[in-house]
K.L.:
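Can you keep this structure in mind? I'll have questions shortly.
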Amino acid sequence: MSQQPIKFAYWVPNVSGGLVVSKIEQRTHWDIDYNRKLAQIAERSGFEYALSQIRFTAGYGADNQHESVTISHALLAATETLKVIAAILPGPWTPALAAKQLATIDQFTQGRVAVNIVSGWFKGEFRAIGEPWLDHDERYRRSEEFIRALKGIWTQDNFSFQGDFYRFHNYSLKPKPLQRPHPEIFQGGSSRAARDMASRVSDWYFTNGNSVEGIKAQVDDIRTKAAANGHSVKVGVNAFIIARETEAEARAVLDEIIAKADPQAIQGFGSEAKNAGASSPEGEGNWAQSSFEDLVQYNDGFKTNLIGTPQQIAERIVALKAVGVDLILSGFLHFQEEVEYFGKQVLPLVRELEQARVEAPALA
Ligand SMILES: Cc1cc2nc3c(=O)[nH]c(=O)nc-3n(C[C@H](O)[C@H](O)[C@H](O)COP(=O)(O)O)c2cc1C
């Protein structure tokens with residue numbers, strides 16, 4: 001097990017409707033004031049990263065959406081240590097634009113920006129904004145070129161690149177980002193193509209929520225392939241966290257979220273997502289196995305089962321760490337209050353359990 005403390009990120013609620021497709025009351029808001037305060041609470045509560053979302057149209061009831069790079073910069077400007085991961089979609093973005101925007105933000109924020117390269121799953125959205133829709137594995141081939149180009153622009157002068165999707169000729173970006181060798185590059189996805197790309201070029205692989213066994217299979221596959229490629233990649237797992245004083249209370253919240261799920265929005269999202277999940281040649285992408293209940297949290301966050309008392313959650317987090325997970329990406333029902341509760345009640349227990357495993361490595 002890694003000796004590094006496991007890291008925590010939270011989803012920036014920059015789209016309306018929170019992180020669950022449910023009519024349950026959510027004391028979470030997508031506006032900038034709420035998000036600035038949340039970012040400040042999160043960095044005080046032990047969160048190292050925030051991940052903003054890129055969405056151009058409603059997809060699961062998220063009727064309003066603030067743009068990802070813009071809100072990431074606003075949150076960086078309102079914080080001191082938090083790293084904010086801006087989501088970028090190849091297609092609408094070119095690597096030249098992304099490299100330039102993010103280098104500027106990195107300069108303005110003492111080197112705290114990171115990027116999540118999103119390969120895309122939502123065909124209706126691409127159609128709405130007039131972007132061509134590529135086949136599943138072609139999307140990843142384009143994303144890989146995008147990442148190679150980003151790295152080249154950020155680390156070299158007179159950068160030249162001849163790809164199928166992107167070309168550069170003696171390009172020197174000035175100024176370069178502050179972070180060396182470059183801002184961290186995350187990616188999302190669970191399919192074989194996603195894992196293969198991670199094992200070649202990404203710094204971080206983000207995956208949907210899953211059981212410990214499901215995560216272990218992905219981690220083992222990625223780490224084996226990455227080692228063969230002479231690359232190393234860290235892994236982040238999504239989880240919708242419901243921490244309450246008793247397990248019964250936490251389960252009751254989950255039951256209410258599901259009972260008040262919005263079937264129409266989930267059906268619409270579910271058919272797009274299932275289509276995306278099944279569209280990889282192996283049919284094993286994100287959402288390929290998701291049930292109606294799973295889809296109520298749109299990145300399968302209930303499956304990770306961080307639902308219960310602080311002690312139960314801390315134990316499950318350390319079990320994920322033991323199979324090679326480096327970061328928990330968390331969503332909450334009432335973000336500001338629950339991020340604070342997590343920092344006070346759950347995180348110290350995680351650190352105690354990690355310490356116990358360091359002192360008794362046989363248990364690790
Ligand atoms: C943690 C995480 C964050 C993601 N963020 C976004 C996002 O902001 N916008 C978006 O359109 N897709 C997002 N995705 C979708 C992925 O980039 C990818 O297109 C999708 O998971 C399908 O990949 P797969 O077929 O390889 O499983 C995210 C996925 C994960 C796991």
Side-chain angles (χ1 to χ4, degrees), residues 1-2 4-11 13 18-22 24-28 38 41-51 207-216 235-261 291 293-294 296-360 363-364:
M1 190 166 88
S2 165
Q4 296 296 317
I6 194 162
K7 296 171 188 289
F8 294 93
Y10 74 91
W11 285 92
L19 268 283
V20 287
V21 193
S22 172
I24 190 172
E25 186 211 355
Q26 297 192 58
R27 293 187 293 280
T28 288
L38 171 59
I41 293 171
E43 75 177 358
R44 278 201 310 270
S45 301
F47 284 74
E48 198 168 317
Y49 295 94
L51 171 70
T207 190
N208 272 9
N210 210 326
S211 62
V212 176
E213 299 71 43
I215 297 296
K216 182 176 187 312
V235 175
V237 174
N238 178 49
F240 191 82
I241 299 181
I242 308 177
R244 297 291 186 274
E245 273 179 38
T246 65
E247 186 179 5
E249 269 176 89
R251 291 272 150 212
V253 174
L254 175 64
D255 292 346
E256 190 185 345
I257 293 173
I258 290 172
K260 294 187 175 161
S291 66
E293 284 78 13
D294 295 331
V296 177
Q297 200 298 301
Y298 46 78
N299 282 92
D300 281 348
F302 304 142
K303 279 192 182 171
T304 317
N305 193 24
L306 299 188
I307 296 168
T309 64
Q311 183 68 30
Q312 288 173 317
I313 293 174
E315 283 168 10
R316 290 176 197 150
I317 289 172
V318 176
L320 285 163
K321 180 179 174 181
V323 300
V325 171
D326 302 285
L327 175 148
I328 303 291
L329 170 63
S330 50
F332 299 91
L333 192 60
H334 310 302
F335 263 88
Q336 287 181 355
E337 23 198 301
E338 296 194 43
V339 159
E340 191 155 21
Y341 182 83
F342 184 88
K344 287 199 175 117
Q345 304 297 332
V346 183
L347 221 151
L349 297 177
V350 174
R351 298 299 178 228
E352 273 175 31
L353 291 172
E354 286 180 315
Q355 192 54 35
R357 290 206 181 210
V358 170
E359 283 159 15
L363 296 174

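Position 1 is the first residue of the sequence, and the numbers go up from there.
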K.L.:
Between Val350 and Val318, is there a side-chain heavy-atom distance shorter than 4.5 Å?
P.N.:
yes
K.L.:
side-chain hydrogen bond (donor to acceptor under 3.5 Å, both in side chains) with Asn210: which residues, sequence neighbours excluded?
P.N.:
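Scan of Asn210 (side-chain hydrogen bond (donor to acceptor under 3.5 Å, both in side chains), adjacent residues dropped) gives none.
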K.L.:
List for me each residue that meets salt bridge (Lys or Arg N to Asp or Glu O under 4.0 Å) alongside Glu337, sequence neighbours excluded, and say none if there are none.
P.N.:
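Only Arg27 meet the salt bridge (Lys or Arg N to Asp or Glu O under 4.0 Å) criterion with Glu337.
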K.L.:
Please assess Phe332 against Val339 for the test side-chain contact (heavy atoms from CB on, under 4.5 Å), listing each intermediate value before the final yes or no.
P.N.:
CA-CA 7 Å; Phe332 299 91; Val339 159; 3.6 Å; yes
K.L.:
Before you tell me yes or no, could you show the steps for Glu338 and Ile241 under side-chain contact (heavy atoms from CB on, under 4.5 Å), namely the whole-Å CA-CA distance, both residues' side-chain angles and the distance that decides it to 0.1 Å?
P.N.:
CA-CA 9 Å; Glu338 296 194 43; Ile241 299 181; over 6 Å; no
K.L.:
Would you please name every residue forming a salt bridge (Lys or Arg N to Asp or Glu O under 4.0 Å) with Arg316, sequence neighbours left out?
P.N.:
none
K.L.:
Name every donor-acceptor pair, under 3.5 Å, that has one atom in a side chain of residues 249-256 and the other anywhere in the protein, sequence neighbours excluded.
P.N.:
unit_1, atom_1, unit_2, atom_2, d
Glu249, OE2, Thr246, N, 3.4
Glu249, OE2, Thr246, OG1, 3.2
Arg251, NH2, Asn305, OD1, 2.7
Glu256, OE2, Lys260, NZ, 2.7

K.L.:
Do Lys303 and Glu293 pass the salt bridge (charged side-chain N to carboxylate O under 4.0 Å, His left out) test, and can you show the C-alpha distance, the side-chain angles, and the key distance before you say yes or no?
P.N.:
CA-CA 10 Å; Lys303 279 192 182 171; Glu293 284 78 13; over 6 Å; no
K.L.:
Asn299 side chain to Asn208 main-chain N or O, any donor-acceptor pair under 3.5 Å?
P.N.:
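Flag not set: sc Asn299 to bb Asn208 has no pair under 3.5 Å.
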K.L.:
I need the Ile257 CD1 to Gln297 CD distance, nearest 0.5 Å.
P.N.:
9.0 Å
K.L.:
Could you tell me whether Arg351 and Glu354 make a salt bridge, using a distance below 4.0 angstrom between a side-chain N and a carboxylate O?
P.N.:
yes
K.L.:
Which residues pass the ring pair (Phe, Tyr, Trp, His ring centres under 6.0 Å) test with Tyr10, sequence neighbours left out?
P.N.:
none
K.L.:
Determine which pairs satisfy ring-ring contact (aromatic ring centres under 6.0 Å, His included) with at least one residue from residues 302-325, sequence neighbours left out, and list them in order.
P.N.:
Phe240-Phe302
K.L.:
Please confirm whether the backbone N or O of Leu333 pairs with a side-chain atom of Thr28, one donor and one acceptor, at under 3.5 Å?
P.N.:
yes
K.L.:
Applying side-chain hydrogen bond (donor to acceptor under 3.5 Å, both in side chains), can you list everything that pairs with Gln336, at least two apart in sequence or on another chain?
P.N.:
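Here no residue qualifies.
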K.L.:
Does any N or O in the side chain of Ser330 come within less than 3.5 Å of the main-chain N or O of Ala9, such that one atom is a donor and the other an acceptor?
P.N.:
yes
K.L.:
For the pair Phe335 and Ile41, evaluate side-chain contact (heavy atoms from CB on, under 4.5 Å) and give the outcome as yes or no after the intermediate values.
P.N.:
CA-CA 10 Å; Phe335 263 88; Ile41 293 171; over 6 Å; no
K.L.:
According to side-chain hydrogen bond (donor to acceptor under 3.5 Å, both in side chains), who are the partners of Gln311, at least two apart in sequence or on a separate chain?
P.N.:
Glu315
K.L.:
If the condition is side chain to side chain contact (heavy atoms under 4.5 Å, CB included), which residues does Pro348 pass it with, not counting sequence neighbours?
P.N.:
none
K.L.:
Apply side-chain hydrogen bond (donor to acceptor under 3.5 Å, both in side chains) to Tyr341 and list each qualifying residue two or more places apart in sequence or on a separate chain.
P.N.:
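In terms of side-chain hydrogen bond (donor to acceptor under 3.5 Å, both in side chains), with neighbours along the sequence ignored, Tyr341 is linked to no residue.
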K.L.:
Could you tell me which residues satisfy salt bridge (Lys or Arg N to Asp or Glu O under 4.0 Å) with Glu48, sequence neighbours excluded, listed by chain and number?
P.N.:
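If we apply the salt bridge (Lys or Arg N to Asp or Glu O under 4.0 Å) test to Glu48, skipping adjacent residues, the hits are Lys7, Lys83.
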K.L.:
Check salt bridge (Lys or Arg N to Asp or Glu O under 4.0 Å) between Arg44 and all other residues, then give those that pass, not counting sequence neighbours.
P.N.:
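Listed in chain order: nothing, the list is empty.
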K.L.:
When you compare the side chain of Ile215 with that of Thr207, does any pair of heavy atoms fall below 4.5 Å?
P.N.:
yes
